[in-house]
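Below, all heavy atoms of this structure are taken into account, side chains as well, without hydrogens, waters or symmetry copies. Convention: sequence-line order gives letters A, B, ...; per-chain numbering from 1.
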Protein chains: 2
Amino acid sequence: MDKADRRASLQELLKEHPFLTDEELADHFGVSIQTIRLDRSVLQIPDVRERTRALAEHNYALVRAIGSGEIVGELMTLDLGRNATSVLTTDAAMAFSKTRLVRSHYIFAQADSLALAVIDSDRAITGLSNAKFKRPVTAGERLLARAEVLRSRAPNESVVLVETTVGEDKVFRGKFVVNTETQKRDVEAVV
Amino acid sequence: MDKADRRASLQELLKEHPFLTDEELADHFGVSIQTIRLDRSVLQIPDVRERTRALAEHNYALVRAIGSGEIVGELMTLDLGRNATSVLTTDAAMAFSKTRLVRSHYIFAQADSLALAVIDSDRAITGLSNAKFKRPVTAGERLLARAEVLRSRAPNESVVLVETTVGEDKVFRGKFVVNTETQKRDVEAVV
DNA sequence: AAACCCATTAGAACCAAGTACTAGTAGTAA
DNA sequence: TTACTACTAGTACTTGGTTCTAATGGGTTT
């Protein structure tokens, strides 16, 4: 394996495993640490600590928004069983890099979370959804979602309407049928 | 501010800003670095590098799945304009902690991405969706999504059917109307 | 007042994973 | 032989720590 191959391979490897130290990389390629450092400096690849830090920082806000909270976006108001609102500030990480248009499932995620939040119940689950994305959202725009419980048909089934706006523009409208409890059997069957 | 207050406040602060070094913390609280280190050791809080590393590692897989790739899940097969399949292995981070049931928007995100991928076109955007979540998915289950283009009505509008299964079970079925190009005006209006 | 306790601070030695730089070797090409 | 390239070795220095020992300095108790 010559220099060019190694460097190409190094870049690939770090894309997959960004937490490898120079020492580990040196072992992996059977060269010295100095060689790895030379490679990194030529390829303009920062050190592990910087890579780790950048990754963590980059992902931090995003994950907080979409992954870790029960709500995607920030819950603003909540009248349990009636209505609720939440705000989600979109950013570049949520968008296609070429067009800067926010992936629709972020918009959906905000609406879906809000629909569940307004129903509450730890066991609330989306059973059905009907969504219209009215106009594309550009990274940076602030999404205001408003959820309203339309009716609670069966004791364990509610219909929630969610409308999302950016300023004056309606960007999303979705109806969610949220189930509670009923899943018990299914859940147990799964587990 | 006494010791107890400072330590409580330290924990809160690090929850919000996990990338602060001891030096920055010392400045913030107007005490010496040693005091901060004592506090950290008593509170069992690891150092910045470890905090950063843990955060990055924890978020990495998750963000790769939902945020950074154009596809949520891994694209398995793709016959452009006809059909495609992708796999998403769910994990605890995608689920409600109490019930271990995967949040429905992850399932939606996989389907939505796949619907866009099968249509291709960098400007593809979801215009409408119609989704049914047939049974809850438990963290750890492997979601196989299959997308099929039903018809391309207008030259810039396609209808895609996505069905997601876990083993033999159907867990999701959704229809997506995907638009291409048409958004141009809106997009420019937004920017 | 003297003795004591506690939180805080200082200082030294050490570590990991680097940067930046200098210098050397081994192999190949002109 | 000389020259060039790739690689390696070694030193001094940096950041952000750890671990340990040893002060300070204020408040409380005796």
Side-chain angles (χ1 to χ4, degrees), chain A residues 1-65 67-68 91-93, chain B residues 1-65 67-69 91 93:
Chain A
M1 182 187 263
D2 76 345
K3 192 174 60 163
D5 288 350
R6 188 188 58 237
R7 288 186 179 171
S9 164
L10 178 68
Q11 275 186 310
E12 280 311 300
L13 186 62
L14 285 181
K15 223 172 263 171
E16 289 304 306
H17 304 282
F19 306 131
L20 293 172
T21 64
D22 287 357
E23 192 175 4
E24 290 165 332
L25 293 167
D27 275 7
H28 180 269
F29 289 107
V31 296
S32 72
I33 286 189
Q34 280 78 1
T35 302
I36 294 296
R37 291 186 177 158
L38 206 80
D39 289 348
R40 271 202 302 105
S41 103
V42 169
L43 297 171
Q44 312 239 58
I45 297 171
D47 69 52
V48 204
R49 299 202 274 230
E50 179 53 28
R51 291 195 306 265
T52 310
R53 200 200 53 72
L55 240 168
E57 208 150 75
H58 174 258
N59 295 165
Y60 191 55
L62 178 59
V63 166
R64 295 189 101 201
S68 73
D91 72 33
Chain B
M1 181 185 262
D2 74 346
K3 193 176 61 166
D5 288 351
R6 190 188 57 238
R7 289 185 178 170
S9 165
L10 179 68
Q11 275 186 313
E12 280 312 299
L13 186 61
L14 285 181
K15 223 174 263 172
E16 287 306 302
H17 304 282
F19 307 129
L20 294 172
T21 64
D22 287 357
E23 193 175 5
E24 289 166 331
L25 293 167
D27 275 8
H28 180 270
F29 288 107
V31 295
S32 72
I33 287 188
Q34 281 79 0
T35 302
I36 295 296
R37 291 185 177 158
L38 206 80
D39 290 348
R40 273 203 300 105
S41 101
V42 169
L43 297 171
Q44 312 240 56
I45 297 171
D47 69 54
V48 204
R49 299 203 273 234
E50 179 53 29
R51 292 195 304 266
T52 311
R53 200 201 53 71
L55 240 167
E57 208 150 74
H58 175 258
N59 296 164
Y60 190 55
L62 179 57
V63 167
R64 294 191 97 200
S68 75
D91 72 36

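Residue B:Arg40 is classed as a sugar-phosphate contact, given heavy-atom separations below 4.0 Å to backbone atoms only. Using a 4.0 Å heavy-atom cutoff across all strands shown, A:Asp22 reaches sugar-phosphate atoms only and no base atom. Among the heavy atoms of the strands lying under 4.0 Å from A:Arg6 are primed sugar atoms or P, OP1, OP2 only; no base atom is included.
Counting only heavy atoms from C-beta on, A:Ser32 has its side chain closest to D:dA9 among C:dA17, D:dA9, D:dT18.
The distance between atom CG of A:Leu38 and atom P of D:dG10, rounded to the nearest whole Å, is 17 Å. One can place CG of B:Asp2 at 18 Å from P of D:dG26, the figure rounded to the nearest angstrom. In this structure, A:Ile36 atom CD1 and D:dT8 atom P are separated by 9 Å, rounded to whole Å. Counting to the nearest Å, the P atom of D:dG16 and the CZ atom of B:Arg51 are 12 Å from each other. Atom-to-atom, CZ of B:Arg37 to P of C:dA10 comes out at 13 Å; the value is rounded to the nearest Å. Protein atom CG of B:Asp27 is 12 Å distant from nucleotide atom P of C:dT9, rounded to whole Å. Atom CD1 in A:Ile33 sits roughly 13 Å away from atom C1' in D:dG10 (whole-Å rounding). For the pair A:Lys3 NZ and C:dG27 P, the interatomic distance rounds to 18 Å; values are reported in whole Å.
Taking a pair as Watson-Crick or G-U wobble with both distances under 3.5 Å, the runs of three or more consecutive pairs in DNA chain C are C:1-30 with D:1-30.
The heavy-atom pair separating A:Thr21 from A:Glu24 by the smallest distance is N-OE1, 2.9 Å.
Comparing B:Val48 and B:Gln34 against DNA chain D, the residue whose closest nucleotide sits nearer the 5' end is B:Val48.
Taking only side-chain nitrogens and oxygens, B:Thr35 never comes nearer than 4.0 Å to OP1 or OP2 of C:dT8.
Residues A:Glu57 and B:Thr52 have side chains not in contact (no heavy-atom distance under 4.5 Å, counting atoms from C-beta outward).
Between the CZ atom in B:Arg51 and the CD1 atom in B:Ile45 there is a gap of 7.0 Å [rounded to 0.5 Å]. Taking CZ of B:Phe19 as the start and CG of B:Leu14 as the end, the distance is 11.0 Å to the nearest 0.5 Å. In this structure, A:Asp27 CG and A:Leu20 CG are separated by 10.5 Å, a value rounded to the nearest 0.5 Å.
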### Query
How far apart are the C-alpha atoms of B:Leu13 and B:Glu16, what are their side-chain angles, what is the distance that settles it, and do they pass the side chain to side chain contact (heavy atoms under 4.5 Å, CB included) test?
CA-CA 5 Å; B:Leu13 186 61; B:Glu16 287 306 302; 5.5 Å; no

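Of the options B:Gln11, B:Gln34, B:Arg6, B:Lys3, a side chain to side chain donor-acceptor pair (under 3.5 Å) to B:Asp39 is made by B:Arg6 and by none of the others.
For A:Arg49 against C:dG18, no side-chain N or O and base N or O form a donor-acceptor pair under 3.5 Å.
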